Amino acid sequence: MNNKKTKPLFIVMSAPSGCGKSTLIDMLLQEYHDIVYSISCTTREPRGDEEDGLDYHFLTTERFEELLAENAFIEHAKVHGNYYGTLRAPIEEVLGEGNSMILDIDVQGAAKVREYVRSLPNTDPLKIGYVDIFILPPSIDELRARLVGRGTDSPATIERRMANAEGEISRAGEYMYKVTNDELDVAYKRLCDLIDALSGRM
Ligand code: 5GP
């Protein structure tokens with residue numbers, strides 16, 4: 001573990017489901033105490049044991065629209081009738097404290113964040129620290145095998161996830177870095193090496 005003060009990064013990470021992105025992010029957060037996970041805002045109702053401020057910031061539609069009008073989001077989307085969005089202020093705050101922020105977001109959301117970052121002046125800490133990473137499965141066949149193997153999805157859901165995955169993978173070239181998750185520990189090491197190099201930890 002190495003938590004010495006380093007260049008604050010604004011890390012955007014995407015992957016098709018079944019590529020181990022959540023596990024990799026959890027591992028990073030366990031080890032790198034200076035990386036903070038970005039909690040999205042949503043207007044959907046909490047599900048199961050989801051907690052406000054932990055899984056999401058659960059907002060009313062009125063409050064979300066107020067924040068939208070104030071340009072508080074760096075990106076937002078409407079999914080199944082509910083708003084989802086990423087606030088700018090917490091990212092600025094975290095980077096301002098010298099820490100890094102990680103965003104777990106799909107390809108479309110990442111494209112909006114990238115566009116937003118591009119529009120910023122070169123001196124903006126979000127632009128200076130920006131990096132986007134795409135997690136790839138070893139192959140399409142292996143991804144299918146993993147989705148079948150985890151046994152949580154119906155065949156129809158697996159087909160939908162596979163179609164989504166192929167669409168997302170076709171856009172992996174938009175990302176600055178790609179990490180293939182063939183073996184979890186190896187992929188994690190690659191990710192750590194990348195983050196260490198980018199943040200000047202080595
Ligand atoms: P769920 O309601 O199942 O948690 O998420 C539904 C969808 O919203 C998922 O595809 C998830 O990736 C997306 N989502 C979650 N947070 C955000 C966000 O901050 N911005 C955008 N654009 N999409 C999000």
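For ligands, and for the atoms within them, numbers begin at 1 and follow the listed sequence. As the structure is a computational prediction, the values presented were derived from the model and not from experiment.
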May I ask which of [options] has a heavy atom nearer to [atom] than the others do?
atom                    : options             : result
atom 21 (C) of ligand 1 : Glu75, Lys78, Glu50 : Glu75
atom 17 (C) of ligand 1 : Ser40, Ser14, Ser38 : Ser40
atom 8 (O) of ligand 1  : Tyr83, Phe73, Tyr84 : Tyr84

Quiz prompt | Ser199 side chain to Arg201 side chain, donor-acceptor N/O pair below 3.5 angstrom | solution =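 Present: a donor and an acceptor within the cut-off.
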Quiz prompt | Side-chain donor or acceptor of Asp52 paired with backbone N/O of Phe58 under 3.5 Å | solution =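 Indeed, once roles are kept as given, a pair shorter than 3.5 Å links the two residues.
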Quiz item: Would you find a donor on one side and an acceptor on the other, under 3.5 Å apart, between the side chain of Thr43 and the backbone of Thr61?
Solution: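 It does not hold such a pair.
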Would you mind listing which atoms of ligand 1 come within a distance below 4.0 Å of any non-hydrogen atom of [X]?
X     : value
Ala77 : 22 (N)
Arg44 : 1 (P), 2 (O), 4 (O)
Thr86 : 19 (O)
Arg47 : 1 (P), 2 (O), 3 (O), 4 (O)
Gly85 : 18 (C), 19 (O)

Short check: is a protein heavy atom less than 4.0 Å from [atom]?
atom                    : answer
atom 24 (C) of ligand 1 : yes
atom 14 (N) of ligand 1 : yes
atom 3 (O) of ligand 1  : yes

Exercise. With Lys178 as the cation and Phe134 as the aromatic partner, state whether NZ or CZ is under 6.0 Å from the six-membered ring centre and within 45° of the axis.
Key: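 No, Lys178 does not sit over the ring of Phe134.
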Ionic contact status for [Y] with [X], cut-off 4.0 Å:
X      : Y      : answer
Arg118 : Glu115 : no
Arg88  : Glu93  : no
Glu159 : Arg144 : yes

Quiz prompt | Distance from atom 10 (O) of ligand 1 to nearest protein heavy atom, with residue and atom | solution =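 In this structure, atom 10 (O) of ligand 1 has Asp106 OD2, 4.5 Å as its nearest protein heavy atom.
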Quiz item: To the nearest 0.1 Å, how far is atom 11 (C) of ligand 1 from its closest protein heavy atom, and which atom is that?
Solution: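 For atom 11 (C) of ligand 1, the nearest protein heavy atom comes out as Tyr56 OH, 4.6 Å.
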Exercise. Would you check if Ser38 and Thr86 make a side-chain contact, meaning some heavy-atom pair closer than 4.5 Å?
Key: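 With C-beta onward as the side chain, the pair touches.
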Quiz item: Once the angle between the rings of Phe10 and Tyr130 is folded into 0 to 90°, is it parallel (under 30°), tilted (30 to 60°) or perpendicular (over 60°)?
Solution: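 Correct class here is perpendicular.
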